[in-house]
Each structure stands twice: as structure tokens, then as C-alpha cells.
Asks: 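Before I ask anything, here is the structure I am working with.
Per chain, numbering begins at 1; letters A, B, ... match sequence-line order.
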Number of protein chains: 2
Amino acid sequence: MNRTAQHLVSHNIKPSAQRIAIMKYLMEHPTHPSVDKIYCDLLPDMPTLSRTTVYNTLRVLEENDALITLNIDSKNVRYDGNVMPHAHFMCRSCGKIYDTALPEGILKEIPGMETFQIDAIKLYYKGLCQECQEKENNNKE
Amino acid sequence: MNRTAQHLVSHNIKPSAQRIAIMKYLMEHPTHPSVDKIYCDLLPDMPTLSRTTVYNTLRVLEENDALITLNIDSKNVRYDGNVMPHAHFMCRSCGKIYDTALPEGILKEIPGMETFQIDAIKLYYKGLCQECQEKENNNKE
DNA sequence: TACAATGTTGTAATGATTACATATATGATT
DNA sequence: AATCATATATGTAATCATTACAACATTGTA
Ligand SMILES: [Mn+2]
Ligand SMILES: [Mn+2]
Ligand SMILES: [Zn+2]
Ligand SMILES: [Zn+2]
């Protein structure tokens with residue numbers, strides 16, 4: 001059993017060929033891909049893969065905490081195999097999603113809301129990445 | 001011109017009857033309603049209102065910073081007439097969305113990512129509100 | 001009034017996601 | 001190996017939020 005399969009087993013997920021391929025893809029591509037990106041990229045090596053299987057598998061992975069979902073992009077859900085707590089920045093020009101650090105202390109509590117039971121924290125930043133800032137400046141000249 | 005119309009004008013939005021009604025609804029209902037909630041609640045008093053108008057108006061309001069959009073609920077976009085920086089908690093059981101304070105310092109910078117230009121920050125918490133925690137406990141007994 | 005510009009409405013199209021029925025794979029038991 | 005039960009994968013159709021678009025209405029101005 002390979003590394004990815006063991007990873008799935010450690011999350012109580014039975015490792016099928018499709019599940020291994022999708023989990024492996026997420027671990028090797030920390031780019032926060034959409035369902036369609038995953039599907040289209042895997043299709044050449046898995047010609048029988050179904051879009052439904054990608055949806056099903058991503059749901060299984062999420063239910064067993066093997067990935068997190070990002071709703072930073074209002075058009076598509078994005079998926080992230082990195083389940084360590086971290087925040088995300090999305091560039092409104094190029095669309096890239098970058099990992100960023102979660103500010104210290106944010107995991108502790110919600111000020112004034114101690115009675116809430118918190119299961120998940122999502123911190124999203126939106127704006128312009130450095131490359132796109134430079135492009136905008138060049139266009140102005 | 002009433003208070004709501006003046007509010008729209010101050011955001012460079014021409015105040016039509018529909019825009020006033022929708023903006024007023026958002027200011028009087030800090031419940032982070034969905035498009036359909038707004039549409040269905042306004043319909044009795046505005047029988048000719050179109051769902052498209054609600055969509056169009058909400059886009060105009062957002063483009064002119066008269067509201068913010070929340071993607072905390074993956075099913076529907078939610079709208080918030082309170083544009084002061086604040087965070088949100090959504091209960092996975094009852095679906096209510098609560099306002100919470102934004103932790104101090106979070107507006108300052110992204111640690112290690114000073115080169116990014118940040119236009120918006122969204123901080124979402126998910127979990128169980130107090131009422132739903134109690135309900136779950138009662139069901140266990 | 002005439003006219004142009006802006007805003008509204010209803011319907012149709014889009015596109016992501018889900019439901020569902022069928023097919024395939026897996027794993028245990030005989 | 002053959003049987004059987006269960007889990008997983010596939011393809012198609014349905015759902016549903018959102019957007020596109022064209023026709024209609026309103027507003028303001030000359
Ligand atoms: Mn990430
Ligand atoms: Mn709010
Ligand atoms: Zn960029
Ligand atoms: Zn609740």
C-alpha cells in the first residue's frame with residue numbers, strides 16, 4: 001500500500017484507485033483546484049473517471065477531514081489537501097489563491113462569543129497579488 | 001427624500017423605489033438574508049417586484065459599497081447592510097448567521113505577505129450556537 | 001410633448017452541483 | 001473458483017441559484 005493509500009486509511013477512508021488519484025493530486029498540487037480542474041487534469045491518466053466520482057470522492061474526503069473546502073471564489077468550490085489551519089488570499093485579477101498564515105490568537109476564541117462551539121474557521125483575504133499590482137501600474141503608464 | 005434614499009445617494013446610487021425598499025430591508029433586518037428571503041419578504045408590499053431586480057439591485061449596492069456579500073453559506077449568497085468590518089458565525093444546525101467582533105490586529109497586515117494589496121477580509125466561523133448545543137444535549141439524554 | 005437615459009420586468013439560458021439508476025469492483029464464504 | 005453481499009464508480013437527468021437578454025416602464029430634460 002503506497003503512501004497516499006495509507007494516508008486515506010489513517011482518515012478511515014477505503015482507498016480505491018480513484019480516491020488515491022484524487023488525494024494524490026491534491027497533495028501534489030497545493031493550488032486549491034476546483035472540481036473541474038481536478039477532473040480535467042486526471043482524465044488523461046484515468047479515461048473512465050466520472051465527474052460524479054470526483055464530486056463523491058471530494059465529499060468523502062471532506063467528511064473524513066482529509067481536505068478542506070474553500071468558498072473564497074464565489075463561482076466554484078476550491079479544495080485544499082492541506083488541513084493544517086491556515087488562511088487564504090485570492091487575487092481578483094489572476095484568480096490565484098495563496099496560502100497565508102493565520103494570525104496568532106485567532107484560534108483561541110471569538111471575543112464576546114465564548115458560548116459558541118467553533119468547528120471551523122475560514123479567513124479569506126481578497127485583493128491584488130504583487131504581480132498583478134505591477135501589471136496594473138504598467139498599464140497606467 | 002427619506003433617510004434610506006439619502007443613504008443610497010451618499011453611496012452614489014440613484015434611489016429608485018426598489019433600491020430604497022431593498023436597502024431599507026437590509027438595514028432593518030440584520031439577519032444576513034439570501035436573495036430569495038429578500039424577494040419573498042418584499043413581494044407582498046411590492047407585488048410587481050422581480051427577482052432579477054433584486055439581483056441587479058444587490059449588485060449595484062455591492063459595487064458601491066452599500067453592502068457586503070457573505071459566502072459563508074455554500075448554498076446561497078447572503079447579504080449584509082452593515083459594512084463596518086466584522087466577522088460572522090454560522091450555526092450548522094439552525095443556519096443562523098451571527099455577527100461577531102473581528103479580532104484586533106487582523107486588519108493590519110497578513111504576516112509574511114506584506115506585498116499583497118488587501119481590499120477585503122472575510123472571517124467566517126462555523127459550529128453550533130448555544131441553543132443548538134443545548135438541543136443536542138437534550139436529545140442525548 | 002419628444003427624447004434619451006436609466007431602471008425594471010419576465011423569460012430563457014447557463015452552469016455548478018446533486019439525485020438516481022445501473023454497472024463494476026471488492027472481499028468474505030462456501 | 002463460484003456465490004453473494006456490500007461498497008464504489010459511472011453516466012444521465014434533474015435541480016436550483018444566478019446571469020443574459022430583450023421588451024417595457026420611468027425619470028429627467030429640452
Ligand atoms: Mn491552502
Ligand atoms: Mn453581519
Ligand atoms: Zn494576481
Ligand atoms: Zn443554531
Asks: Assess whether atom NZ of K24(A) is packed by more than 12 heavy atoms of other residues, nucleotides or ligands within 6.0 Å.
Replies: no
Asks: Which comes earlier along DNA chain C counting from the 5' end, the contact point of I13(B) or that of Y39(B), where each point is its nearest nucleotide?
Replies: I13(B)
Asks: Out of curiosity, L128(A) CG to I118(B) CD1, how far, rounded to the nearest 0.5 Å?
Replies: 11.0 Å
Asks: Look at the rings of F89(A) and F116(B) and say which category their plane angle falls in: under 30° parallel, 30 to 60° tilted, over 60° perpendicular.
Replies: perpendicular
Asks: At under 4.0 Å, does any side-chain N or O of T48(A) touch on OP1 or OP2 of dT10(D)?
Replies: yes
Asks: Any side-chain N or O of Q18(B) below 4.0 angstrom from OP1/OP2 of dT26(D)?
Replies: no
Asks: Quick check: closest heavy atoms across H7(A) and S10(A), and the distance to 0.1 Å?
Replies: O-OG, 2.6 Å
Asks: Quick check on dA9(D): is either OP1 or OP2 less than 4.0 Å from any side-chain nitrogen or oxygen of S50(A)?
Replies: no
Asks: Mind checking if S34(B) touches a base, just sugar-phosphate, or nothing, with heavy atoms under 4.0 Å?
Replies: nothing
Asks: Please tell me which of the listed nucleotides, dT9(C), dT8(D), dT6(C), lies nearest to the side chain of T53(B)?
Replies: dT9(C)
Asks: Picking from dA7(D), dT6(C), dT10(D), which would you name as closest to the side chain of K14(A)?
Replies: dA7(D)
Asks: With a 4.5 Å cut-off on side-chain heavy atoms, are H86(A) and H88(A) touching?
Replies: yes
Asks: Set out, line by line, the N/O atom pairs under 3.5 Å between protein and nucleotides 13-18 of chain D.
Replies:
residue	atom	partner	partner atom	Å
dT18(D)	OP1	V77(B)	N	3.2
dT18(D)	OP2	Y55(B)	OH	2.9

Asks: For the residue pair M46(A) and A21(A), what are the closest heavy atoms and their distance?
Replies: SD-CB, 3.9 Å
